[in-house]
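Here is the structure we will look at, set down as structure tokens.
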Amino acid sequence: MTPRVAIAGMAIESSIYAAHRAGYRDFDVREGHAVVERYDFLAPGTPLGDAAEWVGVFYARSIPGGRVRRDVYDDFRSRILTGLAEAGPLDGLYLDIHGAMSVEGMDDAEGDLVDAIRDVIGTTPLISAPMDLHGNVSERLALGVDLPTAYRLAPHEDAWETRERAARNLLRWLDRGGRPHRAWVRVPILLPGEKTSTRVEPARSLYAGLADVERQPGVTDASIWIGYAWADEPRCHASVLVSGGDAQVVAVHAAALAHRLWDARDEFAFVGPTGTLVEGVRAGLGHVAGGGARPYLVSDSGDNPGAGGTGDVTWALTELLAMPELTRDDSPVVHVASIFDEVAIEELFAARPGDTVAVTAGARVDDRVCGPVRIEGELVSLHEGDPDAGRIAVVRCGGIRAVVTEFRKAFHDTADFRAIGLEPTDAGVVVTKIGYLEPTLHDIAQGWTLALTPGPVDQDLERLGHSRIMRPMHPFDAFSEPPDLAVRVLHEPD
């Protein structure tokens, strides 16, 4: 008989150091068949789409941010549970989660969600879960999910490939019958994503080797979660999980991967050249002045919304506006994205392009690093309709084109700039709140500095003050002897 598989999920990456709280507006919410339609590989007429009856329940996804408001989490959780209860008998659940969601007043939100789901659907249905490799996989989560699998690229260019793999793994096991064994290992490493990109070693080889493990007899999937560093919960650490039909085989491979990861711990380094913000901008100006191609990219990494930054930290823009070489009328063009401020947008939209404007903006949500910034200059353009940013204004302050938005937005794609009339290749320097460069920015960058700026996703983890992670933890602590990399083989969900 055709298996019945429900689809549900809730996904966000949450920095507990961000003042932002994720509410209803932050999430794109889908229910019913609209959930199924999100996955092209499940469309009617496709092999996976025709292999099961896919039952859409509820799915909510947000760009990274701060902790989720408890009332929002409780509401979404309830809608998932109610939908699953009303869906009727199920053979499986496709649970689309991130793995690093934090919720006010909770530890291990995904573990809580999976436990609640098991209370509704029981232990018989198989659960498959595609996840971000920056997830934190607790033993609780590993017990509840039969077939977890993680992205193998950072940046996550294989996100949809991973989601398809999760669906394919689930259907194979439903066809086969039984329940896979999972071998889970906690690895005491906690590093920022900018030190674990698969563009460089050792992450490149570690993740590239997973496909070879997956091809071994008795193995279904092999995954490494490098973990999410900007939360402060006991589950924050790296993890290895190998699933398959042979308990001994998955345990051997999980142990080998865990030891490879641990042995490479001191090899992890930043994916690109680092420096201060001023050093990065001046390197870019020198590059262009010397005849170098445009643009030079500078990452304002400490407030990267793509990693959970608040998005309205003004520290970088304040520093840039204080650089006289950037604020003269004949200064090189520097695009700076972005800060959000609904009040400032109201003031800017009361003016017209070409007007001289002066507004105080930013730091309304997160003023711990720097206070609001005064932006004075020519209003270049106004834009409406962005689903994330809402209204957007561009203000010229000498060479600086400062982007102000109504709501949080990550400017991580060349299309984000072009949509508001800022051609990245026309700028000498582009400063944006990002860590490692996402694909389209990476493709156009003619030089790059990863600026180690302060903020809620500070690359200097010790500056943040973790107090609740399990210790010892690399690189916070020295290890006088190798850690316990014991493998736990799991079978039945508790």
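The shown structure was predicted, so the numbers you read here are calculated from the model rather than taken from an experiment.
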- Shortest non-hydrogen contact between Leu277 and Val431, atoms and distance: CD1-CG1, 4.2 Å
- Message: Determine whether a donor-acceptor pair (N or O, by modelled atom type, separation under 3.5 Å) exists between the side chain of Glu233 and the backbone of Arg468.
- Response: no
- Query: If only atom types and distance count, is the side chain of Glu104 paired as donor or acceptor with the main-chain N or O of Arg70 below 3.5 Å?
  - Reply: yes
- Note on the structure: Per salt bridge (Lys or Arg N to Asp or Glu O under 4.0 Å), Arg391 is matched among Glu342, Glu406, Glu347 by Glu406
- Item | Ring centre gap for His98 and Tyr151 strictly below 6.0 Å | no
- Item | Asp312 vs Arg364, salt bridge (Lys or Arg N to Asp or Glu O under 4.0 Å): CA-CA, chis, key distance, verdict | CA-CA 7 Å; Asp312 82 332; Arg364 292 187 188 276; over 6 Å; no
- Message: Less than 4.5 Å apart, side chain to side chain, heavy atoms only: is that true for Thr162 and Leu153?
- Response: no
- Note on the structure: Between Val430 and Pro424 the two heavy atoms that sit nearest each other are CG2-O, 4.0 Å
- Item | Student check: side-chain heavy atoms of Tyr228 and Ser15 closer than 4.5 Å | yes
- Hey, is the main chain of Ala154 close enough, under 3.5 Å, to the side chain of His134 for a donor-acceptor pair? no
- When Ile12, Val68, Leu113, Asp108 are each screened for side chain to side chain contact (heavy atoms under 4.5 Å, CB included) with Val103, the one that passes is Val68
- Query: Can you name the residues that form a salt bridge (charged side-chain N to carboxylate O under 4.0 Å, His left out) with Asp96, not counting sequence neighbours?
  - Reply: Arg38, Arg163
- Run the salt-bridge test on Asp158 and Arg152 with the 4.0 Å N-O cut-off and return the result as yes or no. no
- Query: Do the non-hydrogen side-chain atoms of Phe268 and Leu261 ever get within less than 4.5 Å of each other?
  - Reply: yes
- Message: Could you check whether any side-chain heavy atom of Val394 comes within less than 4.5 Å of a side-chain heavy atom of His335, counting everything from C-beta outward?
- Response: no
- Are the side chain of Ser331 and the backbone of Glu325 linked by a donor-acceptor contact shorter than 3.5 Å? yes
- Would you call Pro372 and Thr314 a side-chain contact if the rule is heavy atoms closer than 4.5 Å? no
- Query: Do Thr198 and Arg204 meet the criterion of a side-chain donor-acceptor pair at a distance under 3.5 Å?
  - Reply: no
- Message: A quick test of your reading: do over 12 heavy atoms of other residues, nucleotides or ligands sit less than 6.0 Å from CZ of Arg352?
- Response: no
- Query: Can you check whether Tyr17's main-chain N or O pairs, donor with acceptor, with Arg368's side chain at less than 3.5 Å?
  - Reply: yes
- Message: Ignoring hydrogens and geometry beyond distance, is a side-chain donor-acceptor pair present between Asn304 and His412 at under 3.5 Å?
- Response: yes
- Item | Derivation and outcome, side-chain hydrogen bond (donor to acceptor under 3.5 Å, both in side chains), residues Tyr296 and Thr449 | CA-CA 8 Å; Tyr296 190 99; Thr449 296; 2.7 Å; yes
- Query: What are the two closest heavy atoms between Ser205 and Arg260, and how far apart are they?
  - Reply: O-NH2, 3.8 Å
- Query: Do the non-hydrogen side-chain atoms of His466 and Met473 ever get within less than 4.5 Å of each other?
  - Reply: no
- Task: Using only heavy-atom distances, determine whether the side chains of Ser301 and Glu194 contain a donor-acceptor pair under 3.5 Å.
- Result: no
- So how far is it from Leu317 CG to Cys397 SG, rounded to the nearest 0.5 Å? 7.5 Å
- Task: Report the C-alpha distance between Leu452 and Phe270 in whole Å, list the side-chain angles of each, state the deciding distance to 0.1 Å, and finish with yes or no for side chain to side chain contact (heavy atoms under 4.5 Å, CB included).
- Result: CA-CA 11 Å; Leu452 303 179; Phe270 284 115; 4.0 Å; yes
- Euclidean distance, Met131 CE relative to Ser239 OG, rounded to 0.5 Å: 8.5 Å
- Query: About how many Å separate CG of Leu257 and CG of Leu210, when rounded to the nearest 0.5 Å?
  - Reply: 6.0 Å
- Query: Quick one: are Asp300 and Thr432 in side-chain contact, heavy atoms under 4.5 Å?
  - Reply: no
- Message: Can you tell me how the ring of Tyr436 sits relative to the ring of His156, calling it parallel under 30°, perpendicular over 60° and tilted otherwise?
- Response: perpendicular
- Query: Parallel, tilted or perpendicular for Phe58 and Phe76, by the 30°/60° rule?
  - Reply: tilted
- Query: Any chance the side chains of Asp75 and Tyr24 put a donor and an acceptor closer than 3.5 Å?
  - Reply: yes
- Message: Just so I know, are the side chains of Ser138 and Leu143 near enough to count as touching, which here means a heavy-atom distance under 4.5 Å?
- Response: no
- Message: Strictly distance-based, threshold 3.5 Å: is any side-chain N or O of Asp112 a donor or acceptor partner for the main-chain N or O of Asp107?
- Response: no
- Message: Can you tell me how far apart OG (Ser14) and CZ (Arg21) are? Round to the nearest 0.5 Å.
- Response: 9.5 Å
- Between CD1 of Ile7 and CD1 of Ile80, what distance do you get to the nearest 0.5 Å? 12.5 Å
- Task: Carefully, step by step, assess Arg294 and Gln446 under the rule side chain to side chain contact (heavy atoms under 4.5 Å, CB included).
- Result: CA-CA 6 Å; Arg294 301 164 181 257; Gln446 303 302 312; 5.6 Å; no
- Query: Regarding Lys409 and the six-membered ring of Phe407, is the cationic atom NZ or CZ under 6.0 Å from the ring centre and inside 45° of its axis?
  - Reply: no
- Between Leu348 and Val357, does a side chain to side chain contact (heavy atoms under 4.5 Å, CB included) hold up when you go through it step by step? CA-CA 7 Å; Leu348 291 168; Val357 294; 3.9 Å; yes
- Taking Trp448 for the side chain and Pro273 for the main chain, is one N or O donor matched with an acceptor at less than 3.5 Å? no
- Can you see which heavy atom on Glu438 is nearest to which on Ile434, and at what distance? N-CD1, 3.7 Å
- Determine yes or no for a side-chain-to-main-chain donor-acceptor pair under 3.5 angstrom, with Asp366 supplying the side chain and Thr310 the backbone. no
- Do any N or O atoms from the side chain of Glu13 and from the backbone of Pro64 form a donor-acceptor pair under 3.5 angstrom? no
- Query: Please walk me through it: do Leu461 and Trp230 pass side chain to side chain contact (heavy atoms under 4.5 Å, CB included)?
  - Reply: CA-CA 8 Å; Leu461 300 185; Trp230 295 293; 3.5 Å; yes
- Within the side chain of Thr149, is there an N or O that forms a donor-acceptor pair under 3.5 Å with the backbone of Pro130? no
- Which pair of non-hydrogen atoms, one from Leu191 and one from Pro475, has the smallest distance, and what is that distance? CD2-CD, 3.9 Å
- Between CD1 of Ile226 and OG of Ser197, what distance do you get to the nearest 0.5 Å? 11.5 Å
- Which atom of Leu206 lies closest to which atom of Ile224, heavy atoms considered: O-CD1, 4.1 Å
